[in-house]
Structures are given as C-alpha cells and as structure tokens.
Amino acid sequence: MGRRLVTRKRVQAVAPWAGLVMLWAATTMLVGALGFSNDSERVTIGAHAATISPTFDGHATLDLGAVLPRLRIATDTPGGVGVNVDIQETDADNLTELLNRDALIASQPDGEIARIQQVIQEMAVDNLVAGAGSGLLVVVVVATLWTSLGRRRRRELWDYVHTHERRFEHRALVVLVAMLITIASIFGPGRMRTAEVPPTEWRPLSELLPQLSLDPRLKRVEVASGFSTTGGVGVIKTAVETYERSTEFYGRLRDQVPRVGGRIHQATENETVALLVSDRHDNIGMDPVAAEVAKVAGAKVLIDAGDDSSSGQSWEVFSIHSLREHFKDLKVVAVAGNHDAGGHIEDAMRKNGFTVLDSKPVEVEGIRFLGDSDPTKTGLGSADSPGDETIADQSKRLADVACEQPDDKRISTMVVHDPSSYAETAARGCAILLLSGHLHRQVGPETKVVDDRPVTTYTNGTTGGAAYAFALGYTLRRPGEMTLVTYTDGKPIGLQTVTAGLAGEITVGPYTPLPS
C-alpha cells in the first residue's frame, strides 16, 4: 500500500512537468513552422538582388519579373520543402547582357544553389530558435500560474469548470479567437491571405524549345504557361544556347583532366600539394576544371592570388560562392586583387571560411604563409586609384614583417596579387617562395640566392582565361592556367603548371624542382 502511495505521488509530481515539456514542444513547432513559412530574406544571387522565401511545394521557382517567364525545377527535398526566388534589380546595362550573365552563371550553379540552401537552413534555424523562445515563455507563464494557484484553488477551478461547462466553453472559444487574431496580426494579413489568381499551369522547357537538344538538368525545368510570344521565346532560346555552349566547353575541359592525370606529379606520403589560381575574373566555368586538377593531384590547399571578380561589386560574390563549393574539401588561403576592391569580395571570402591573409604570418597545413590583399582599386575598364597605401609601401611593410621572423619560422610562401608587392621581400631573401598573379601571364619560376638562401619568385597566368578584366563567358579568351605547388615539411620543393587551351585541351607542363 505504501509503495503504491509513493508511486502515485511520483506520477503526480512528474505529470505536470511532462505536460509542460509537451506544451513547449508543441508551441516551438507551431511558432517555428508559422515563422518559417512566412519568412523571407533579401540576398544577392548571381547577377541580381533577390528575395528568397521558403515554400512547401517541392520546387525551386524563379520569378523573373514581368518580361521573362517563371521557371521552376523539382527540389527532391524531404517534406516537400521548396523555395521561391523573386529576382529583382541588377546593374546590367541591357537585357542581352543580363541574360548572358545569368546563362553563364547557371552553367555552373552549384555555388549559388549552395548559397540558397544555406539561407533556407539559416531561416529554419532562426525560426526554430524563435519558436523555442516562445515555447519557453508560454511554459514559464503556465508554470507560474499553476504554482501560484496552488492545489486547493486548482481543485476549485476544476469543479467550477465541470459545474459551468457550457459557459467555460464559450469563454475558452473567445480566448482562442483572440489568440488567432493576435497571431494573424503578427504575421500580417497580406501573408495570411491567399492571392486571388488563377492556378499556374506548368509545361516542360523542352516543349517551348523543341528544336534544341537539352541536357538532363534543363529537361527538368518547367515554364509557366502563357509565355509563348515570339520575342519571349527568342530571348529564352538565346539564353539556353549560351548556357549549353558554356556547359559543353568547360565540361570537355574537365573530362580531359583525368586523361592526362599520369603526367601530373603525384604527391608522396610526406608531401602536401597546393593548387594556385589567380585572375579568375568571374569565370566560374573554370572552377570544376581546376577542382578536377586538384583532385587528380591530391591537393589539400587552394591558394587564391586574387582578382576573382572584375569590379568588386556585390553581385560578383557568386564567384566566391562557386570557389567555396567546388573546393569545399580544401583549405583556402586567399588575397583580394585590385579588381576585388570595395570589401564585398573579401567579406564573402571570410564568410565562406577562407584564410584571408592580412600581413600576419599564418600556418595552414604546416605551410607558413604571409601576404596581403592588393591596396590598389581598379574597376571594370577604369583607371587605377590609390588605396590606403601604395604598392611600394606595401612591399616594404611586408618585407619588414617577413624579415622579423626567426630562421626556424622563415616564411615558406608569400602570396600577393601584384608581383611588385613581393619585390622587397625577394630582394632581402626573407621568404622561400613568393607567388602572385595580376599580369595574366606566367613569369618564372626564377630563383636567386640571397645570403646563401634560395628565393624563388613565380607569377601565375590567368586561371579565368582573361584577356582583360572580364572573363565570364562560354569560352576562354586566352589559356587558363593553374599551378600545382608541392611541399615537404611545409617547404616548397616543386612547381607544375596545368593549362586549359582555347580549343578545349589540357596541357600539363614539366614538374620543376625547387632548390632546398
């Protein structure tokens, strides 16, 4: 009898807490789900500002405005979670330029897809946290009332409810309606109200463009019905053709890499390989090609010597998103170039987890790096303008830092954008290997001995195949170059170039040992 009494008391003590936990979980899910389904985020996607909002229709839908049709593609995500991307303003000068940008970015969309997924995940987490906070508040209020009433008052209320059951139901209904009105006012009548528009009918893109042979990704794209004007179809046809030319050209380059893999120096167990890229100038088409080179070589580090964009504008951060997505298994060491000035590119680098060199020695994968972003500011087609310091001042300042290091912590690799920025360090012999880009052509490797210590300088050609500052396109304007750097115990021991040719061929240069 005593044991039953103890068990009953334990149940009575646990039951309210179990109820509170259930109330917290239910409130968390309800508030979180309502918040998530009505949330939106303004971001930069590709060449546009855009507003992203989650849906539950299982599709990623692009609303391209009044001129172009809405497009969608199945997301194949659990729970049918989708996304609506409301495409808005851009800085493109005309529609043709805009469509060419979009088509070329769409040919390598992995970086932008990953960015959208990240935004949706952040929305879900933020709303879940908000729901958990709301649930906790409700639990605190209920628990406080429950405790304040006491057992005797609670029993009196229970008896009252049973005695005046109908009156209580009416009051409960009034309270429920008031709560619903409050929730509706929080989320806004515009969001809670269903728009009075006819249902959209979707048809495959292949029906709109039957004359084109679409790749598997485009075959999954659907177009909103009602868009069949001659001019409109011509616009879409041009964009699709640009997309397919880009996909075919860079796909052929990527496929060439494994075929020449036997010529690429293979790292031994004691060696670490880094891949050097520079002057991509928005050409994300080369990213899967470079990633394949890194994979074949067994690279662990990506060294980015700058000019990932053409003018450093906010819409060009897609270039960094692409770099992160294609090299997500590698550690990235980076500097910004003169065409990346403005802060958007460097901010995107840091947000994507890059190690952005800032005049302080840093060790990555056992390699001791030093470097800094370019101080010069250059827009697309505009003249250079000075930054916080001149290139000469930067060169001297970096040399002072490098030469302060003790012999056992000598700088293994200096990375800058302009080779003039490492000139002083090279002259004073305070780093083993000095890397740059900027010139859009290969220079070196050149080795000199300074105070009985070998110093090697090397300038990588343009990875984006840029003749000028803009390289986004469905082909290369000049050969696209990447360089593999091999290290042992953190010290560089060899260089090897891999070049993508204008005709879609991959050329592997000889492996050049560096003096120890």
Side-chain angles (χ1 to χ4, degrees), residues 274 276-279 303-309 312 333-343 345-346 349 354-364 367-379 382-407 409-463 469 483 485 491-492 495 514-515:
L276 169 65
V277 298
S278 67
D279 303 278
I303 302 173
D304 177 9
D307 270 7
D308 292 294
S309 70
V333 177
V335 296
N338 56 303
H339 283 277
D340 298 326
I345 301 303
E346 279 196 74
M349 286 176 173
F354 294 8
T355 297
V356 181
L357 300 179
D358 57 357
S359 305
K360 294 186 288 291
V362 62
E363 190 168 300
V364 178
I367 305 165
R368 193 163 171 80
F369 287 97
L370 176 66
D372 202 355
S373 295
D374 199 290
T376 307
K377 302 175 182 179
T378 309
S382 64
D384 293 349
S385 60
D388 296 333
E389 63 181 348
T390 66
I391 291 290
D393 289 340
Q394 183 184 67
S395 179
K396 182 180 183 305
R397 180 173 55 80
L398 289 174
D400 290 341
V401 175
C403 296
E404 288 175 355
Q405 307 305 308
D407 289 341
K409 291 188 176 181
R410 187 185 181 204
I411 298 302
S412 169
T413 302
M414 175 174 281
V415 183
V416 293
H417 179 64
D418 189 327
S420 298
S421 293
Y422 64 51
E424 185 72 16
T425 302
R428 292 160 64 178
C430 297
I432 302 173
L433 176 64
L434 302 102
L435 303 174
S436 67
H438 186 59
L439 302 181
H440 291 199
R441 68 182 189 278
Q442 179 185 339
V443 178
E446 298 176 354
T447 301
K448 296 180 180 179
V449 177
V450 180
D451 296 332
D452 296 326
R453 298 185 297 185
V455 178
T456 300
T457 57
Y458 178 77
T459 297
N460 186 69
T462 165
T463 304
T483 303
V485 187
K491 304 297 189 297
L495 298 175
L514 298 180

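Since we're looking at a predicted model, the values are computed, not measured.
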Indicate the atoms forming the closest heavy-atom contact of [X] with [Y], along with that distance.
X: Leu495; Y: Pro445; value: CD1-CB, 3.7 Å
X: Ala427; Y: Val450; value: O-CG1, 3.6 Å
X: Gly429; Y: Val455; value: CA-CG2, 3.5 Å
X: Ala341; Y: Lys377; value: CB-CG, 3.5 Å

Set of residues satisfying side chain to side chain donor-acceptor pair (under 3.5 Å) with respect to [X], sequence neighbours excluded:
X: Thr483; value: Tyr458, Asn460
X: Asp308; value: Arg280
X: Ser359; value: Asp372, Arg397

Modelled atom types, side-chain donor and acceptor of Ser278 and Thr463, under 3.5 Å: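 Their side chains do not contain a donor-acceptor pair, so the 3.5 Å distance test is not met.
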Mind checking what makes salt bridge (charged side-chain N to carboxylate O under 4.0 Å, His left out) contact with [X], not counting sequence neighbours?
X: Arg441; value: none
X: Asp451; value: none
X: Asp400; value: Lys396, Arg428
X: Asp340; value: none

From [X] [atom1] over to [Y] [atom2], what is the distance, rounded to the nearest 0.5 angstrom?
X: Thr459; Y: Leu439; atom1: OG1; atom2: CG; value: 5.0 Å
X: Leu398; Y: Ile411; atom1: CG; atom2: CD1; value: 10.0 Å
X: Leu434; Y: Glu424; atom1: CG; atom2: CD; value: 11.5 Å

Side-chain (Ser373) to main-chain (Asp358) donor-acceptor, under 3.5 angstrom: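 No; judged by distance alone, with no hydrogens or angles, the pair does not exist.
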Could you check whether any side-chain heavy atom of [X] comes within less than 4.5 Å of a side-chain heavy atom of [Y], counting everything from C-beta outward?
X: Cys430; Y: Thr425; value: yes
X: Asp407; Y: Arg453; value: yes
X: Val335; Y: Asp374; value: no
X: Thr355; Y: Phe369; value: no

Passing option when His339 is tested against Ile345, Thr378, Thr376 for side-chain contact (heavy atoms from CB on, under 4.5 Å):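 For His339, the side-chain contact (heavy atoms from CB on, under 4.5 Å) test succeeds with only one of Ile345, Thr378, Thr376, which is Thr378.
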By side chain to side chain contact (heavy atoms under 4.5 Å, CB included), which residues pair with [X], not counting sequence neighbours?
X: Asp393; answer: Glu389, Thr390
X: Val401; answer: Pro361, Leu370, Gln405
X: Lys448; answer: none

Identify each donor-acceptor pair in which a side-chain atom of residues 412-422 lies under 3.5 Å from a protein atom, sequence neighbours left out, and give them as a table.
residue: Ser412; atom: OG; partner: Gly490; partner atom: O; Å: 2.6
residue: Thr413; atom: OG1; partner: Tyr487; partner atom: OH; Å: 2.8
residue: His417; atom: ND1; partner: Ala305; partner atom: O; Å: 2.8
residue: His417; atom: NE2; partner: Asp307; partner atom: OD2; Å: 3.1
residue: His417; atom: NE2; partner: Asn338; partner atom: OD1; Å: 3.1
residue: His417; atom: NE2; partner: His438; partner atom: ND1; Å: 3.1
residue: Asp418; atom: OD1; partner: Ser420; partner atom: N; Å: 2.9
residue: Asp418; atom: OD1; partner: Ser420; partner atom: OG; Å: 3.3
residue: Ser421; atom: OG; partner: Gln394; partner atom: OE1; Å: 2.7

